[in-house]
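See structure below.
Keep in mind that what you see is a predicted model, and the values were worked out from it rather than measured. Every heavy atom of this structure was used, including side-chain atoms; hydrogens, water molecules and symmetry mates were not.
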2 protein chains.
Amino acid sequence: MSLRYGLLGFLSKWEATGYDIKKEFDDIMSIFWHSHLSQIYPELNKLEQEGLISSQLIPQMGKPDKKLYSMTQKGKSAFITWLLSPQEAAKRKDSFLMQTFFMDNIPFEEALLKIKMNKKEHELRLEHMKSILEERWKDIKERKVMNARIISSSAILKQGIEQEIQSIKWCDQTIQLMEECKDLWDLKEDHVSIERFSVIERLLSSYFKDVL
Amino acid sequence: MSLRYGLLGFLSKWEATGYDIKKEFDDIMSIFWHSHLSQIYPELNKLEQEGLISSQLIPQMGKPDKKLYSMTQKGKSAFITWLLSPQEAAKRKDSFLMQTFFMDNIPFEEALLKIKMNKKEHELRLEHMKSILEERWKDIKERKVMNARIISSSAILKQGIEQEIQSIKWCDQTIQLMEECKDLWDLKEDHVSIERFSVIERLLSSYFKDVL
DNA sequence: CGCTTCATGTAAACGGTTACATGATTTA
DNA sequence: TAAATCATGTAACCGTTTACATGAAGCG
């Protein structure tokens, strides 16, 4: 039910086509939502039928005609009602973490490689977000604009960047722990020697030291 | 397509009923996935039809009969194939962050309250995860068990805990920034005085100081 | 006396993804 | 010459949520 409010929210500040909004969903808005054009277009049509947005057809030369949407008063008040409503906690769906949870079922080297690859993906996304931030930063300085929207989008960018940094750090620390516990992957039983047990106990407590 | 592998993964280590697995989905596994019983039961039936798991009916007194599932060889190899396969990046869907992104549309005090409430939710979840960790910690020490599964579930717990800590810290820093930029919410234009602009510029650069 | 736990399901509705369809212009 | 960009959509499918259905035991 939140996609419609993502569309409405975007149109609360700018007039735009479905295609324009999609680009934003692939950019900063991807930090909290994502959607396909095949879902955006029907939803925009529905919003227009309900009178929350209105459109004007703009013919173009050499390009397909476009439908420029803008928000109506009715749309604005529906959007504000939603903005004030409480939302239930975001439920994560992360199949990489699912694989990590069960990685005791695959050979050590394969498990390690998976985490190393995941780290690289997070690094790429971090770089992308940092470049978005710097671009906006430059634009603000040049145009000397300042408003509440800049504060709220900065907050989202910061959340996105911090989550990536945290994930990268987690990958490093987890790789380190795994390398120190490599022998457990070849183990057939659930018990190790008393000496080995206390070594791993100390490794685990150092793994968790900054969170407890 | 990952729910079935969550079920398979759980059954790779323990025999269980759909009801048992649901409890685990509500506990640690909630860090990376969640599901309803009405989805779990049909999926287990499908997995059995496909020969990936098998069940035995266990009659109980005073309680409903239960179906205890266990994994077949075919299930085990299908699961390992999936474990080795690359997964695409997790796409977040977070309607709280969506509301935050558009919070310039609501009064300052309402926006602030939303973030404060979100902080409390993260604190509750953090406490819950910490208690899971301590429980497991105690159990390991008592039973002196040690295996790769303990390492992988510790990694997941750490990821869950760290994300909550990061979110709480983000709430604090964002609340602070907002309070220092309160005046922007009453603004009708996009421009502030040169003095105010450079003050906010410095506030923003300090807001981002630990990520750049 | 009502709520939670145990235990398994079906059916309808909703949300989201993938594939298909069109077609000119621009870029590599 | 092939791919990407601009621009809008439909149809089929799949995954997820909500509502409905049953019913005994135990707890406060």
Ranking Met61(A) and Ser2(A) by the position along DNA chain C of their nearest nucleotide, the one closer to 5' is Ser2(A)
Return all side-chain donor-acceptor pairs below 3.5 angstrom for residues 123-142 of chain A, not counting sequence neighbours, or 'none' if the list is empty.
unit_1: Ser131(A); atom_1: OG; unit_2: His128(A); atom_2: O; d: 2.7
unit_1: Asp139(A); atom_1: OD2; unit_2: Arg143(A); atom_2: NH1; d: 2.9

Original post:
Is Asp26(A) paired with Lys22(A) through a side-chain N to carboxylate O contact shorter than 4.0 Å?
Top reply: yes
Correct closest heavy-atom pair for Phe197(B) and Val145(A) would be CE1-O, 3.4 Å
Residues of residues 23-54 of chain B with a heavy atom under 4.0 Å from any atom of DNA chain D, listed by number, are Trp33(B), His34(B), His36(B), Ser38(B), Gln39(B)
Contacted region of DNA chain C by chain B, from 5' end to 3' end of the hits, cut-off under 4.0 Å to heavy atoms, spans dT5(C) to dG16(C)
- Message: I'd like to know if Lys182(A) and Glu109(A) make a salt bridge, using a cut-off of under 4.0 Å between side-chain N and carboxylate O.
- Response: yes
Between Gln99(A) and Lys114(A), do the side chains contain an N or O donor and an N or O acceptor separated by less than 3.5 Å? yes
To the nearest angstrom, the OH-C1' distance between Tyr19(B) and dG23(D) comes to 13 Å
- prompt: Could you walk me through whether Lys158(A) and Ser153(A) pass the side chain to side chain contact (heavy atoms under 4.5 Å, CB included) check?
  reply: CA-CA 9 Å; Lys158(A) 192 182 178 185; Ser153(A) 60; over 6 Å; no
| message | Between Lys144(B) and Glu201(A), does any NZ, NE, NH1 or NH2 come within less than 4.0 Å of an OD or OE carboxylate oxygen? | response | no
Rounded to whole Å, the CG-C1' distance (Asp20(A) to dA7(D)) equals 10 Å
Contact check, residues 5-17 of chain A vs DNA chain D, heavy-atom distance under 4.0 Å, returns Thr17(A)
Is it true that Lys169(B) and Glu162(B) make a salt bridge, defined as a side-chain N closer than 4.0 Å to a carboxylate O?
no
task = Ignoring hydrogens and angles, state whether a donor on the side chain of Tyr5(A) or Ser95(B) is under 3.5 Å from an acceptor on the partner side chain.
result = no
Name each donor-acceptor pair under 3.5 Å that joins a side chain in residues 77-86 of chain B to protein atoms two or more places apart or in another chain, with its distance.
unit_1: Ser77(B); atom_1: OG; unit_2: Lys74(B); atom_2: O; d: 3.2
unit_1: Thr81(B); atom_1: OG1; unit_2: Ser77(B); atom_2: O; d: 2.9
unit_1: Ser85(B); atom_1: OG; unit_2: Trp82(B); atom_2: O; d: 2.7
unit_1: Ser85(B); atom_1: OG; unit_2: Gln87(B); atom_2: NE2; d: 3.0

#### Entry: Residues Gln166(A) and Gln166(B): side-chain donor-acceptor under 3.5 angstrom
no
Side chain to side chain contact (heavy atoms under 4.5 Å, CB included) test vs Ser154(B) passes for just one of Ile156(B), Leu157(B), Ile151(B), Ile150(B), namely Ile150(B)
Residues of residues 88-102 of chain B with a heavy atom under 4.0 Å from any atom of DNA chain D, listed by number, are none
Exercise. Can a donor-acceptor pair be found between the side chains of Lys13(A) and Asn147(A) at a distance below 3.5 Å?
Worked result: no
